[in-house]
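One structure is given here, and the rest of the page talks about it.
All heavy atoms count here, side chains included; hydrogens, waters and symmetry mates do not. In listed order, ligands and their atoms are each counted from 1. Note that the numbering runs from 1 along the sequence shown for the chain.
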Amino acid sequence: MKIGIVGLGLIGGSILKALQNKYELYCVSKSPKTIEKASAFASLSSDDYSILKDCDVIFVATPISHTLETLDRLESIVSEDCIVTDTASVKTFVMEKERPYKFIGSHPMAGTENNGFDSSFKELFEGAKWVITPNIDTKEEDITTLKKIISEMKAEIIIANPFEHDEAVALISHMPMLVSQAIFKAAEKNDLALKLASSGFRDMTRLAMSNLTMAKDMMHYNPFNINHALTKVIESLNLLDINYVGLIPEIKEKREKMYSEDGKNIL
Ligand code: NAP
């Protein structure tokens, strides 16, 4: 099977490294340096999209704001039997247009605050969830093909509809990033606070170091759900007014049960 990857940053590079030696891999990226580095892992790497024309499956891992133009560009290149998936952190907007190939949206729930090919690594998806958002007319056999490749990267597949996906990731990823930035901003002018800050502040503000393009794109492409999630957080802050002492042990217990000792989500 021939697999294409477009956009060789953290996600695309990690897909490439995880699938190396398992498939024939054809990679397209923008910068000559990245293309050269990727050539050590791929059958062919180039800035020329036409190398993707015989691919059976293509992963698009360009920044969110370049996803639609990449999907459009593939329309005149790949066959109608080609399965194309994207990796964008927001799903509704990529699912809106009918494509002349078999498009299945997807989103790996794995990442770091780093970006670019040099930050990619083959173990990134191991034990992570990977959401697939099929269309109503997506064939089961095409979902199976995609699932098989994703499973080879040792990720666990979750099927969801794009609306529910965007609502859910706003709660656990996009809104927390915004809150993390806000927490940092609230403390930034207090020199003593910054000097005293230890692991709690470090953990609470890790997402403030997110990839800048991705942070901006998430706000742009998922604003309704992020606002809704923020409203929920503000409602939750009322905890202090209701039964704080009674609720805190319950929250602690539920949070403790969510992750294994090595940090994987076990729900
Ligand atoms: P990234 O590290 O910035 O990588 C994107 C790469 O795409 C760039 O490094 C660039 O590579 C290449 N590129 C940009 N425009 C292109 C174009 N027009 N054609 C071909 N290649 C192009 O970003 P990322 O974190 O991998 O994110 C990629 C996608 O994965 C996004 O949609 C994001 O929402 C999604 N995602 C990210 C995370 C995360 O935590 N980072 C998690 C899950 C999903 P060169 O310039 O070096 O060639």
Side-chain angles (χ1 to χ4, degrees), residues 4-18 26-39 41-42 44-52 55 58-74 77 84-95 103 105-133 150 153 155-158 160 162 165-166 168-170 172-174 176-177 180 206-222 225-226 265:
I5 305 163
V6 186
L8 298 170
L10 171 69
I11 298 297
S14 298
I15 294 173
L16 171 66
K17 291 171 184 175
Y26 294 81
C27 296
V28 172
S29 210
K30 219 167 61 169
S31 94
K33 268 201 181 133
T34 302
I35 292 165
E36 199 212 313
K37 285 178 195 165
S39 65
F41 300 86
L44 197 56
S45 62
S46 173
D47 60 358
D48 179 1
Y49 279 62
S50 71
I51 67 162
L52 302 168
C55 283
I58 294 177
F59 288 84
V60 172
T62 48
I64 304 178
S65 49
H66 290 279
T67 300
L68 291 182
E69 72 190 40
T70 307
L71 294 176
D72 287 346
R73 207 157 165 187
L74 291 174
I77 293 165
V84 178
T85 189
D86 72 313
T87 54
S89 313
V90 187
K91 292 276 56 86
T92 310
F93 83 101
V94 288
M95 306 291 300
F103 179 69
S106 86
H107 176 205
M109 302 304 301
T112 69
E113 60 273 23
N114 303 318
N115 63 303
F117 187 76
D118 289 340
S119 60
S120 65
F121 56 102
K122 72 176 169 44
E123 298 84 5
L124 178 65
F125 308 111
E126 289 183 10
K129 309 273 168 55
W130 191 313
V131 185
I132 295 183
T133 58
I150 292 172
M153 295 186 255
E156 180 196 337
I157 290 122
I158 306 280
H165 166 277
D166 289 357
V169 295
I172 51 95
S173 169
H174 304 173
M177 183 190 68
S180 174
R206 185 177 68 79
L207 291 175
M209 299 185 297
S210 296
N211 172 337
L212 296 180
T213 310
M214 199 171 70
K216 197 168 57 119
D217 286 351
M218 282 179 194
M219 295 303 139
H220 182 76
Y221 287 95
N222 203 17
N225 288 309
I226 293 171
N265 181 337

Quiz prompt | Residues in the immediate environment of ligand 1 (any heavy atom closer than 4.0 angstrom) | solution = V6, G7, G9, L10, I11, S29, K30, S31, T34, Y49, A61, T62, P63, I64, E69, T87, A88, S89, H107, P108, A110, G111, T112, N115, G116, N211, M214
Quiz prompt | Distance (rounded to the nearest 0.5 Å) between I150 CD1 and I132 CD1 | solution = 4.0 Å
Practice problem: Using distance alone, with no hydrogens and no angle criterion, decide if T92 and D166 have a side-chain donor and acceptor under 3.5 Å apart. | Solution: yes
Exercise. Verify, without hydrogens or angle tests, whether S45 (side chain) and I35 (backbone) share a donor-acceptor contact under 3.5 angstrom.
Key: yes
Quiz prompt | Side-chain donor/acceptor of K37 to backbone N/O of F117, under 3.5 Å | solution = no
Quiz item: S14 side chain to F121 main-chain N or O, any donor-acceptor pair under 3.5 Å?
Solution: yes
Practice problem: Answer yes or no: does atom CD of E113 have more than 12 heavy-atom neighbours from other residues, nucleotides or ligands under 6.0 Å? | Solution: yes
